[in-house]
Amino acid sequence: MNIQSFLKPFYEVTLVYDDQNLAEALEIMTKHRYTSIPVINHQQSYIGTLTEGDILQYLLMHTECLNPEELKKHQVIEVKRHRDYEPVSVDSLMPTLLSKASNENFVPIIDQNDKFIGIVTRKTLLDYFFEHNFLVL
């Protein structure tokens, strides 16, 4: 087993760019009902993980953003993130991936050039292990 077997590739991942405005980011997160989402830049580098809690804290500090037009003036990169999901190299071993996935809904995956190439979701891993009878209830 290797990480690529479980990878949801970059082009299939719902994410936001660091220079997107907060209104767009909230719209994307709300539409897909995600509580956390990867943030990358246009060079495809992983920046971090944006969460609903991060946005809420930002809104509490910038109450002018409660006006939808004002929210469009603020970018994702301005939001202080409480905790980023640490990326794992595509060449890492499965125990490393499993360790990260046990604490997060998804694990960001980067290549040898530190470019974001996708995610592995905890659900994908659990489904695999249940399907192959590695986990017994």
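On a predicted model such as this, the values are computed, not experimentally measured, just so you know.
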TODO: Could you tell me how the ring of Tyr58 sits relative to the ring of His74: parallel (under 30°), tilted (30 to 60°) or perpendicular (over 60°)?
DONE: perpendicular

Task: Residues Asp54, Thr51; criterion side-chain hydrogen bond (donor to acceptor under 3.5 Å, both in side chains); working and verdict - done: CA-CA 5 Å; Asp54 297 335; Thr51 68; 3.0 Å; yes

TODO: Starting at CD1 of Ile117, measure out to OG of Ser89 and round the result to the nearest 0.5 Å.
DONE: 8.0 Å

Task: Whether Gln44 side chain and Phe116 backbone form a donor-acceptor pair below 3.5 Å - done: yes

- [ ] Mind telling me whether His42 and Tyr17 have parallel, tilted or perpendicular rings, with 30° and 60° as the class edges?
- [x] parallel

TODO: Using the test side chain to side chain contact (heavy atoms under 4.5 Å, CB included), find all partners of Leu60 that sit at least two apart in sequence or belong to another chain.
DONE: Leu56, Gln57

Open item on the list: Hydrogens and angles aside, do Gln112 and Asp91 bring a side-chain donor and acceptor to less than 3.5 Å of each other?
Closed with: yes

Task: Glu70 side chain near His62 side chain, heavy-atom distance below 4.5 Å - done: no

Open item on the list: Do Val90 and Ile40 land in one hydrophobic cluster if side-chain heavy atoms of ILVMFWY residues count as linked below 4.5 Å?
Closed with: no

Task: CA sep, side-chain torsions, deciding dist, call: Ser45, Asp114, side-chain contact (heavy atoms from CB on, under 4.5 Å) - done: CA-CA 7 Å; Ser45 296; Asp114 290 333; 6.0 Å; no

TODO: Taking the side chain as every heavy atom from C-beta outward, state whether Met29 and Ile55 have any pair of such atoms under 4.5 Å apart.
DONE: yes

Name each donor-acceptor pair under 3.5 Å that joins a side chain in residues 31-39 to protein atoms two or more places apart or in another chain, with its distance.
from, atom 1, to, atom 2, distance (Å)
Ser36, OG, Tyr85, OH, 3.0

Task: Gap separating the CG atom of Leu93 from the OG atom of Ser99, nearest 0.5 angstrom - done: 12.0 Å

Task: Shared hydrophobic cluster for Ile119 and Phe129 (ILVMFWY, side-chain gaps under 4.5 Å) - done: no

Open item on the list: Any side-chain to backbone donor/acceptor pair from Arg81 onto Ile47? Under 3.5 Å, distance only.
Closed with: yes

TODO: Answer whether the closest heavy-atom distance between the side chains of Glu27 and Glu24 falls below 4.5 Å.
DONE: no

